[in-house]
Amino acid sequence: MMNRYFVDLHIHIGRTASQRPVKITGAKSLTLSNIVQEATYTKGLQMIGIVDAHVPEILQEIEQHIEKHRWMEHEDGGIITHGVTMLLGSEIEIYDDHCQGPIHVLVFFPTIDTMRKFSDWMASYVKNRSLSSQRIYVSGKHLQEQVKKWGGLFILAHAFTPFKSVYGKGVKKSLTEVFDPSLIDAVELGLSADTTMADQIEELHRYCYVSNSDAHSLKNIAREYQMIAMKEATFAELKKALRHEQERKIMANYGLNPKLGKYYRTTCARCLSRWSGEQCERCGHRQQIVGVYERLQQLRTTSHTAVMRPPYIPQVPLSFIPGIGERTYKKLIERVGTEMYIMHEASEDELAYVAGQNIAKTIIAARNGTLQVHEGGGGKYGKVKSPE
């Protein structure tokens with residue numbers, strides 16, 4: 001019998017325990033210990049992917065937790081902490097001779113030993129392996145081969161965003177320009193795309209889609225995630241789920257309504273006004289930031305798909321909901337439960353008792369997918385309209 005797990009596979013480390021920076025743009029509070037605490041007790045996740053686990057000091061921290069705090073390495077891969085399974089991953093930037101622009105990918109390994117071997121190999125091809133999202137000076141295909149050599153997973157990160165993604169600027173038309181398609185395990189949709197949008201590209205029909213937060217702060221953990229059917233929360237089980245093997249599968253993608261994503265529509269690069277024409281109608285600027293919606297219109301190779309996909313459920317994080325500031329959020333977590341419980345299970349009466357009727361109605365409307373939103377673009381998130 002399968003169990004259901006909430007999973008977010010893209011969480012950055014902002015600082016090590018000694019406060020050395022890892023992800024420069026990440027919050028200082030985004031430490032390994034804080035992430036585990038937040039993911040378990042505030043968010044209600046059961047599996048997380050740490051995408052800066054290649055950093056030697058982070059690997060040392062994990063080993064110290066195993067020794068002192070009874071974390072353990074599961075025989076099927078993954079680190080079992082107090083309530084959440086941690087997968088050891090790395091976000092890497094590729095910009096080889098076949099790329100039109102930089103591309104970010106995610107790789108995951110089952111054990112500390114295999115991650116350390118990969119990290120030691122990686123050190124010869126990056127400028128500083130103690131930092132996040134480093135450019136690696138090998139080809140995309142060579143990187144894929146090394147990942148598979150140590151039993152890893154290879155995932156295309158935020159595949160459609162304008163910057164540092166395979167379809168944003170990375171390729172002209174096809175991922176085969178840079179990658180071996182047979183060595184890709186999944187495609188991450190990113191904050192400005194959903195399943196239907198991605199399926200306009202026929203070469204993606206063979207892949208599983210994942211929805212992850214790309215969290216640079218504690219509060220953004222689980223702003224996107226998925227529910228996965230597995231027997232246990234382990235690396236081996238996730239690998240089967242991405243391949244839909246033995247009844248393991250992604251049951252639902254919970255992602256932002258793409259219109260809330262900060263790169264959904266094309267905007268002026270200067271004033272972020274909606275772009276239509278040869279120059280910005282508002283300020284006259286001639287440079288634009290191409291939105292995911294428009295980029296997919298350029299790349300579209302099919303208007304339909306026969307692929308059976310899990311439902312993509314538009315997600316509105318609590319931080320996007322009007323009226324939920326820090327004080328109200330804290331009360332909801334303390335008195336109602338984790339974010340997963342609040343967004344998926346709590347009754348309107350439970351929510352209203354703590355946060356008031358208007359906020360309760362908005363959360364329920366978000367759960368039902370009936371909230372209206374203002375579209376985002378150019379690096380600016382969309383906004384939720386309060387229900388009448």
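Note that the numbering runs from 1 along the sequence shown for the chain. If you're wondering where the values come from, they're calculated on a predicted model, not measured in any experiment. Quick note: numbers below take in every heavy atom, side chains included, and nothing from hydrogens, waters or symmetry partners.
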- prompt: Can you say whether the rings of Y225 and Y254 are parallel (under 30°), tilted (30 to 60°) or perpendicular (over 60°)?
  reply: parallel
- line: residues 229-245 vs side-chain hydrogen bond (donor to acceptor under 3.5 Å, both in side chains), sequence neighbours excluded, gives H74-E232, E237-R248, K240-Q246
- request: Assign the ring pair F6 / H344 to parallel, tilted or perpendicular, where the plane angle (0 to 90°) is split at 30° and 60°.
  value: parallel
Pairs touching residues 319-342 that satisfy salt bridge (Lys or Arg N to Asp or Glu O under 4.0 Å), sequence neighbours left out: K43-E339
statement: By salt bridge (Lys or Arg N to Asp or Glu O under 4.0 Å), E177 pairs with (sequence neighbours left out) none
- request: Return the set of residues passing side chain to side chain contact (heavy atoms under 4.5 Å, CB included) with D97 (not counting sequence neighbours), or none when no residue passes.
  value: none
- prompt: Between D180 and S182, which heavy-atom pair has the shortest distance, and what is it?
  reply: OD1-OG, 2.7 Å
- request: Please list all pairs passing the salt bridge (Lys or Arg N to Asp or Glu O under 4.0 Å) test where one or both residues lie in residues 194-206, with sequence neighbours left out.
  value: D199-R309
field: Shared-cluster residues of M72, by chain and number - hydrophobic side chains joined below 4.5 Å
entry: I80
field: Qualifying residues under side chain to side chain contact (heavy atoms under 4.5 Å, CB included), relative to E63, sequence neighbours excluded
entry: I112, R116
query: Is it true that E278 and R286 have a side-chain N and a carboxylate O under 4.0 angstrom from each other?
result: no
statement: Applying side chain to side chain contact (heavy atoms under 4.5 Å, CB included) to N368 and not counting sequence neighbours gives I364, T370
message: My understanding is that only residues two or more places apart in sequence, or in another chain, count here; which of them pass side chain to side chain donor-acceptor pair (under 3.5 Å) with Y341?
response: E350
- request: Could you name each residue pair satisfying salt bridge (Lys or Arg N to Asp or Glu O under 4.0 Å) that touches residues 138-148, not counting sequence neighbours?
  value: K148-D185
For residues 28-42, run the donor-acceptor check on the side chains, cut-off 3.5 Å, and write out each pair with its distance to 0.1 Å, sequence neighbours left out.
| from | atom 1 | to | atom 2 | distance (Å) |
| --- | --- | --- | --- | --- |
| T31 | OG1 | N34 | N | 3.4 |
| T31 | OG1 | N34 | ND2 | 3.3 |
| S33 | OG | H65 | NE2 | 3.2 |
| N34 | ND2 | S29 | O | 2.8 |
| T40 | OG1 | V36 | O | 2.8 |

- prompt: Any ring-ring contact (aromatic ring centres under 6.0 Å, His included) pairs touching residues 160-194, not counting sequence neighbours?
  reply: F154-F179, F160-Y167, F163-Y263
- prompt: Between Y209 and Y312, does the ring centroid distance fall short of 6.0 Å?
  reply: no
